[in-house]
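A quick write-up on the structure given underneath.
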Amino acid sequence: MSNPVGGQGMAAVPERRDRFYRQLINKFKPGSIPEPKKKHVGEFAKTKHREMIEIVMKKAGEMGVKNQSMFDVNDLYENRNMTQVLEFIVALGGAVQLLPDFSGAVLGVKPTESTAKHFTDEEVKAARDSQISMQAGSNKFASMSGTRVGMPRHIADVTGS
């Protein structure tokens, strides 16, 4: 099985992680995230790499990944909440299954598509009128008969003294 993004996976050094995610998004939607025009060095490079990850997250959201599956860029760069990063990858794997030209291996659960139900006023009225009386809030058979209020408690002496 070949790696779709050139063998750089999650073990890539932090400076290459943005390239990994950019290539991952571009694999499913070609041209979504262009290559950077120039290479940056030093502290400015770190800022640019983080900006690229934010762009990747935005594009993933456009592809159908929900906000609760997104991760914070600092989690990735500081190796803190890698569970959330993996959840994002699985959610992205599920979201790409809905793309019309997707035919590759699957990762994650394919999101369900909603099917709206439309009922006529007569159907709604018939369903409302056919409720069973106990579901309607009746307490006809509720009583306290058989309960013994005021019974003494029997406490055993387990200490043996």
Side-chain angles (χ1 to χ4, degrees), residues 1-139 142:
M1 184 170 167
S2 66
N3 188 336
V5 289
Q8 293 183 359
M10 288 298 295
V13 293
E15 293 78 25
R16 294 186 186 170
R17 286 184 180 163
D18 66 326
R19 183 180 340 152
F20 169 78
Y21 288 107
R22 185 181 67 244
Q23 289 174 343
L24 187 63
I25 295 291
N26 283 337
K27 189 75 172 176
F28 300 112
K29 283 202 155 186
S32 292
I33 305 172
E35 289 280 331
K37 293 190 169 69
K38 66 181 206 175
K39 300 225 180 242
H40 302 285
V41 293
E43 290 298 315
F44 188 67
K46 290 179 183 177
T47 304
K48 287 297 181 183
H49 292 303
R50 290 173 189 257
E51 286 177 9
M52 184 59 69
I53 295 296
E54 289 173 2
I55 292 170
V56 166
M57 301 292 266
K58 180 181 173 195
K59 293 295 182 180
E62 292 172 5
M63 291 171 63
V65 177
K66 296 194 181 319
N67 280 343
Q68 64 258 23
S69 297
M70 301 287 186
F71 62 90
D72 186 41
V73 177
N74 291 326
D75 291 343
L76 178 65
Y77 275 87
E78 296 170 7
N79 289 326
R80 282 190 307 197
N81 192 1
M82 295 309 283
T83 305
Q84 188 66 32
V85 175
L86 291 174
E87 182 181 331
F88 166 76
I89 293 171
V90 171
L92 180 62
V96 298
Q97 294 177 43
L98 294 178
L99 297 175
D101 55 344
F102 177 76
S103 63
V106 296
L107 171 68
V109 179
K110 183 177 181 180
T112 58
E113 298 174 8
S114 65
T115 54
K117 306 286 187 219
H118 300 286
F119 298 103
T120 64
D121 291 336
E122 293 82 26
E123 290 172 326
V124 171
K125 187 174 189 284
R128 185 179 54 234
D129 293 341
S130 68
Q131 267 188 331
I132 300 172
S133 63
M134 291 303 287
Q135 290 177 331
S138 169
N139 64 355

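All residue numbers refer to positions in the sequence shown, counting from 1.
- To the nearest 0.5 Å, atoms NE2 (His49) and CZ (Arg22) are separated by 9.5 Å.
- Remark: Lys125 pairs with Asp129 by the salt bridge (Lys or Arg N to Asp or Glu O under 4.0 Å) rule, at least two apart or across chains.
- Between the side chain of Asn26 and the main chain of Ser32, a donor-acceptor pair closer than 3.5 Å is present.
- Between Ile25 atom CD1 and Phe20 atom CZ the span is 10.0 Å, to the nearest 0.5 Å.
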Sequence neighbours left out, cut at 3.5 Å: what donor-acceptor pairs do the side chains of residues 58-73 make with other protein atoms?
none

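- One finds the CG atom of Asn79 at 11.5 Å from the CG atom of Asn74 (value rounded to the nearest 0.5 Å).
- For the atom pair CD1 (Ile89) and CG (Leu92), the distance works out to 8.0 Å, reported to the nearest 0.5 Å.
- With a 4.5 Å cut-off on side-chain heavy atoms, Val85 and Asn81 do not count as touching.
- The closest side-chain heavy-atom distance from Val124 to Arg128 is below 4.5 Å.
- Looking only at side-chain heavy atoms (C-beta outward), Phe88 and Met57 come within less than 4.5 Å of each other.
- Residues that satisfy the side-chain contact (heavy atoms from CB on, under 4.5 Å) test with Val106, not counting sequence neighbours, are Gln97, Phe102.
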